[in-house]
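Here's the structure, in structure tokens; my notes come after.
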Number of protein chains: 2
Amino acid sequence: MAIDPLGPASALAPTGHGVERVDTRYLEGLIGYNARRAALAVIEVFLARMAPYGLRPVDFSILSLITHNPGITARQLCATLGVLPPNMVGMVNRFDGRGLIERRPHPRDRRAHGLHLTSEGLALMIEAERTAEQLEKDVAHKLTLAQQQTLMDLLQKIYL
Amino acid sequence: MAIDPLGPASALAPTGHGVERVDTRYLEGLIGYNARRAALAVIEVFLARMAPYGLRPVDFSILSLITHNPGITARQLCATLGVLPPNMVGMVNRFDGRGLIERRPHPRDRRAHGLHLTSEGLALMIEAERTAEQLEKDVAHKLTLAQQQTLMDLLQKIYL
DNA sequence: TATTGTTATACTCTATAACTATA
DNA sequence: TATAGTTATAGAGTATAACAATA
């Protein structure tokens, strides 16, 4: 596809009038653009709904992985989520300071710690995951359940 | 869906062993997580392929909108892409300084400028959009063309 | 020699307040 | 009174280098 094959707008158009309606068709034909816009739209709702729990998207991802993988190490969280180790330290420290997780000695590596939810952390995550699931319903309300599954399957074919 | 309905991992599991394989099934069932991961995967390739043109994803989006909407204003770019006006200024200035665009007087509003590609900017964008289209083919190589279209349609139902 | 966790730090991205010129 | 563009600045997010303890 070449530059501007889509209708009247053209790089050589006369300059004597403004742009009435912005033509976004080119960008909307790119997977990366659509994925980024959809992610930002979901994140916007996420930030608002998770604010009562003090969880941003990455916080939720980390705590959810600890929830479903008790004993996971910081290094494993980094590898799974694409977070760099120096940036993980502060987040884990904050969860620890909030009493949501605890670091236990790792059974086979004295350099590492196994991360576990506290009972307070578990109580928070039960509510947070419930909120996340309601949020999914709301942001995807235009899609059937089958379409939602199709969407996730196709997205995973991009990034996995 | 409640906490950890997915198999052996549990918040109450014994701590005597590390996590062998990280269980990501819960997160992979969330649309927001999948959209963000896919967007980041595409952006990673984008950054590498567009580096020769000195274009980051938002730069490309802006110049592409100017390409297909000659005379568009900075305010319209902000509204379309979700960029805040103070953050748009520097980008437009850099494009101007690089000789890629020019600001012409707006025909009906003396506060605004109509943004237009220069011939250098057009030459760059022809190459950049060609690169973007090849990039699409590569990151979506596991999907048929029909699946790619389905993916974009479903994503747009989330954010539009 | 490589890896885990960590500190320090720099760079980029995003957000808020306030100003000017014009509508 | 509202809007387009702009400046200054603060905050969040992401990046690299280097170190101690352990593998």
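In what follows, chains carry the letters A, B, and so on, assigned in the order in which the sequence lines appear, proteins first and then strands, with residues in each chain numbered from 1. All heavy atoms count here, side chains included; hydrogens, waters and symmetry mates do not.
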- Closest to the Thr73(A) side chain, choosing from dA4(D), dT7(D), dG5(C): dG5(C)
- Between atom CG in Leu47(B) and atom P in dC11(C), what is the gap in whole Å? 18 Å
- 5'-most by nearest nucleotide on DNA chain C - Asp109(A) or Asp109(B): Asp109(A)
- Item | Under 4.0 angstrom between Arg103(B) side-chain N/O and dT6(D) OP1 or OP2 | yes
- Task: Go through dT16(C), dG13(D), dA23(D) for me and flag the one nearest to the Arg56(A) side chain.
- Result: dG13(D)
- Note on the structure: Between the OH atom in Tyr159(A) and the CZ atom in Arg36(B), the distance rounded to the nearest 0.5 Å is 11.0 Å
- Starting at atom CZ of Arg108(A), determine the distance to atom C1' of dA21(D), rounded to an integer number of angstrom. 19 Å
- Query: Which is true for Arg110(B) with a 4.0 Å heavy-atom rule: it touches a base, it touches only sugar-phosphate, or it touches nothing?
  - Reply: sugar-phosphate
- Message: Can you measure Arg36(B) atom CZ to dT14(D) atom P for me and round it to whole angstrom units?
- Response: 6 Å
- Query: Taking atom types as modelled, is there a side-chain donor on Tyr33(B) or Ser61(A) under 3.5 Å from an acceptor on the other?
  - Reply: no
- Message: In whole Å, I'd like the distance from the CG atom of Leu55(A) to the P atom of dA12(D).
- Response: 15 Å
- Of Asn87(B) and Met91(A), whose nearest nucleotide on DNA chain D comes first from the 5' end? Asn87(B)
- Answer with yes or no whether Arg111(A) presents, from its side chain, a donor or acceptor under 3.5 Å of a partner atom in the base of dT3(C). yes
- Interatomic distance where CE belongs to Met88(A) and C1' belongs to dG5(C) [whole Å]: 12 Å
- Query: What integer distance in Å separates Asn93(A):CG from dG5(C):C1'?
  - Reply: 10 Å
- Message: Rounded to the nearest 0.5 Å, what separates atom CG in Asn93(B) from atom CZ in Arg103(B)?
- Response: 4.5 Å
- Task: Could you tell me the separation between the CD1 atom of Ile72(A) and the P atom of dT4(C), rounded to a whole number of Å?
- Result: 13 Å
- So what does His113(A) touch, heavy atoms closer than 4.0 Å: a base, only the sugar-phosphate, or nothing? sugar-phosphate
- Query: When the ring centroid of Tyr53(B) is compared with that of Phe60(B), is the distance short of 6.0 Å?
  - Reply: no
- Considering only heavy side-chain atoms of Pro85(A), the closest of dA15(C), dT6(C), dA23(C) is dT6(C)
- Query: Please give, in whole Å, the distance from dT22(D) C1' to His106(A) NE2?
  - Reply: 13 Å
- Would you kindly say whether Glu129(B) and His68(B) are connected by a side-chain donor-acceptor distance under 3.5 Å? yes
